[in-house]
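Structure record follows, encoded as structure tokens.
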Amino acid sequence: MNITPLQIYFIGQVAIVAGAWGMDLTGSMWPMAFGASTGCMCTAPLVRQLLARWRERRAQR
């Protein structure tokens with residue numbers, strides 16, 4: 001199974017929402033901290049892919 005960077009990004013967004021829900025449920029900041037850090041880590045592959053495309057286009061000019 002091949003997961004694309006965009007799908008990984010959406011998994012990160014779900015982690016942020018789940019962390020916010022967990023923070024509301026428990027009253028602790030830990031779930032949101034874990035969700036936010038997971039969201040940031042899941043954004044990195046998408047940013048790398050977009051930068052690679054941008055560099056490739058720029059090199060063709």
Side-chain angles (χ1 to χ4, degrees):
M1 184 169 158
N2 193 9
I3 299 177
T4 66
L6 188 60
Q7 291 171 329
I8 294 172
Y9 172 76
F10 286 133
I11 290 169
Q13 296 302 303
V14 169
I16 291 171
V17 171
W21 176 76
M23 184 175 73
D24 184 50
L25 188 69
T26 64
S28 173
M29 293 282 232
W30 283 104
M32 189 65 217
F34 287 127
S37 63
T38 302
C40 287
M41 290 185 292
C42 289
T43 302
L46 182 63
V47 171
R48 271 191 238 119
Q49 181 188 37
L50 292 173
L51 283 174
R53 287 181 183 181
W54 179 76
R55 287 180 184 138
E56 184 178 314
R57 283 187 196 159
R58 191 167 173 122
Q60 290 176 354
R61 290 184 188 178

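Tyr9 pairs with exactly one of Thr4, Val14, Thr43 by the side chain to side chain contact (heavy atoms under 4.5 Å, CB included) rule, that one being Thr43.
Two different hydrophobic clusters hold Phe34 and Met29 under the rule that ILVMFWY side chains link at heavy-atom gaps under 4.5 Å. Side-chain heavy atoms closer than 4.5 Å link hydrophobic residues (I, L, V, M, F, W, Y) into clusters, and following such links, possibly through other members, connects Leu46 to Phe10.
Considering every non-hydrogen atom in both Ile16 and Gly35, the closest pair reads CG1-O, 3.4 Å.
Interatomic distance, CG of Leu51 versus CD of Gln49, reported as 10.5 Å (0.5 Å rounding). Thr26 OG1 to Met32 CE: the interatomic distance, rounded to the nearest 0.5 Å, is 12.0 Å.
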